[in-house]
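The structure appears right after this line, and notes come after that.
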Amino acid sequence: MESFIFYLFAVVSIASALIVVSHRNPVVSALSLVLTLFSTAVLFILLLAHFIAVIQVLIYAGAIMVLFIFTVMFLNLRDDALSFDARGMKLKLATLFVILLIVGYFSHLGFKKGVLLLISQSKNPIPENFGTAEAFAEILFKDYLLPFELTSILIVVAILGVVVIAKRRLN
Amino acid sequence: MMGVPIEHYLVLSAILFVIGAYGVIIRKNLIIVLMSLELMLNSANIAFVAFSRALLDMTGHVFMIMALTVAAVEVAVGLALVVAIYMHKETLDIDVLKMLKG
């Protein structure tokens, strides 16, 4: 049952990711991206990362996608503005296969070295609070407090940057 | 015990990353390029959480949240730039937007 759910949502996420990069209409691409992120959230639940799955739905599929769809609707792109992709099919396929070749080579190398690392999954019992908000907060606020605080600086910088860009546009 | 081996999650992550990189390279619409970047970041998140499950160590979850924060910030700034560029140039074709002179 678990593997059936995994393969179902893996296929859904790959198919909708292909729609994201190949569809002509940006609105369809944005909605397919929502589908990809939702099926990724299901995979996170399968990986016992319940808190992460909730965060994925709230932030990615909620906040970020609302921003995307709002921008696409706000710009109101005309039909000739949508038909940007006029490059040849041969170039597209060649690029895809070159990337596939490189990634396949490196993942082959990684799997050869990763055998010892991955065996340990079956030996240890799963901790009781694995993936809950409680255990997550314990690690975040004990071991990674400084990176967490630095994130707030990053967000302040982003807010200031967006305000500056938006104000310059009005002048 | 988990029903699905961790390698399958990593292969899914690699496939999604390749699709995202393909979109970044080949698409000419700036908004779609940003969406493909989101796909790539999301595939990295899958790898983080999968390794976290395999090693039973929740550090990967923390890094996934960090990556998600960076993704949100990047989208906010990127879409503000997209709106500013569209107001200025009336196009989002990245082949037109080559000059970084403003």
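In the text below, chain A, chain B and the rest are named by the order of the sequence lines, each starting its count at 1.
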Worksheet entry | Side-chain donor or acceptor of B/Arg53 paired with backbone N/O of A/Leu48 under 3.5 Å |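 No: the side chain of B/Arg53 does not pair with the backbone of A/Leu48.
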
Discussion item. Could you work out, with side chain to side chain contact (heavy atoms under 4.5 Å, CB included) as the rule, every residue matching A/Ala158, not counting sequence neighbours?
Written reply: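 If we apply the side chain to side chain contact (heavy atoms under 4.5 Å, CB included) test to A/Ala158, skipping adjacent residues, the hits are B/Val73, B/Val77.
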
Discussion item. Can you list everything that forms a side chain to side chain contact (heavy atoms under 4.5 Å, CB included) with B/Ile65? Sequence neighbours excluded, please.
Written reply: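 So B/Ile65 forms a side chain to side chain contact (heavy atoms under 4.5 Å, CB included) with A/Ile52, A/Ile55, A/Phe136, B/Thr69.
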
Chain A heavy atoms under 4.5 Å from [X]: which part of the residue, side chain, backbone, both or neither?
{"X": "B/Ile32", "answer": "side chain"}
{"X": "B/Met64", "answer": "side chain"}
{"X": "B/Ser43", "answer": "neither"}
{"X": "B/Met58", "answer": "both"}
{"X": "B/Leu12", "answer": "side chain"}
{"X": "B/Glu38", "answer": "both"}

What about [X] and [Y], same hydrophobic cluster or not, with Ile/Leu/Val/Met/Phe/Trp/Tyr joined at side-chain heavy-atom distances under 4.5 Å?
{"X": "B/Val18", "Y": "A/Leu18", "result": "yes"}
{"X": "A/Val66", "Y": "A/Val54", "result": "no"}
{"X": "A/Leu31", "Y": "A/Val12", "result": "no"}
{"X": "A/Phe4", "Y": "A/Ile45", "result": "no"}
{"X": "B/Val33", "Y": "A/Val28", "result": "no"}

Fill in: Side-chain heavy atoms of A/Asp143 within contact of B/Thr59, under 4.5 Å
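The answer is no, as the side chains (C-beta and beyond) never meet within the 4.5 Å cut-off.
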
Worksheet entry | Note, A/Ile14 side chain near B/Ile19 side chain (heavy atom, < 4.5 Å) |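 A side-chain contact exists here, since the closest heavy-atom pair is under 4.5 Å.
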
Contacting region of [X] [heavy-atom separation from chain B under 4.5 Å]:
{"X": "A/Thr132", "result": "backbone"}
{"X": "A/Ala10", "result": "both"}
{"X": "A/Thr40", "result": "side chain"}
{"X": "A/Ser22", "result": "backbone"}
{"X": "A/Phe70", "result": "neither"}
{"X": "A/Leu33", "result": "side chain"}

Discussion item. Go through it in stages, so that I can follow the logic: the residues are B/Asn45 and A/Gln56, the test is side-chain hydrogen bond (donor to acceptor under 3.5 Å, both in side chains), and I'd like the CA-CA distance, side-chain angles, deciding distance and then a yes or no.
Written reply: CA-CA 10 Å; B/Asn45 288 343; A/Gln56 170 93 0; 4.8 Å; no

Any chance you could measure [X], atom [atom1], to [Y], atom [atom2], to the nearest 0.5 Å?
{"X": "B/Arg27", "Y": "A/Arg24", "atom1": "CZ", "atom2": "CZ", "answer": "8.5 Å"}
{"X": "A/Ile69", "Y": "B/Ile31", "atom1": "CD1", "atom2": "CD1", "answer": "11.5 Å"}
{"X": "B/Tyr86", "Y": "A/Thr71", "atom1": "OH", "atom2": "OG1", "answer": "12.5 Å"}
{"X": "B/Ile46", "Y": "A/Ser13", "atom1": "CD1", "atom2": "OG", "answer": "6.0 Å"}
{"X": "A/Leu43", "Y": "B/Tyr9", "atom1": "CG", "atom2": "OH", "answer": "6.0 Å"}

Closest contact, heavy atoms only, [X] versus [Y]:
{"X": "A/Ala49", "Y": "B/Val49", "answer": "CB-CG1, 3.7 Å"}
{"X": "B/Ala80", "Y": "A/Val162", "answer": "CB-CG1, 4.0 Å"}
{"X": "B/Ala76", "Y": "A/Leu67", "answer": "CA-CD1, 4.1 Å"}
{"X": "B/Leu68", "Y": "A/Tyr60", "answer": "CD1-CD1, 3.6 Å"}
{"X": "A/Val21", "Y": "B/Gly23", "answer": "CG1-CA, 3.6 Å"}
{"X": "B/Ala71", "Y": "A/Ile64", "answer": "C-CD1, 4.3 Å"}

Worksheet entry | Residue that, paired with B/His61, satisfies ring-ring contact (aromatic ring centres under 6.0 Å, His included) out of A/Phe51, A/Tyr144, A/Phe130, A/Phe44 |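 Going through A/Phe51, A/Tyr144, A/Phe130, A/Phe44 one by one, the ring-ring contact (aromatic ring centres under 6.0 Å, His included) with B/His61 is satisfied by A/Phe130 alone.
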
Fill in: A/Phe68 vs B/Leu34, side-chain contact (heavy atoms from CB on, under 4.5 Å): CA-CA, chis, key distance, verdict
CA-CA 9 Å; A/Phe68 265 118; B/Leu34 276 176; 3.9 Å; yes

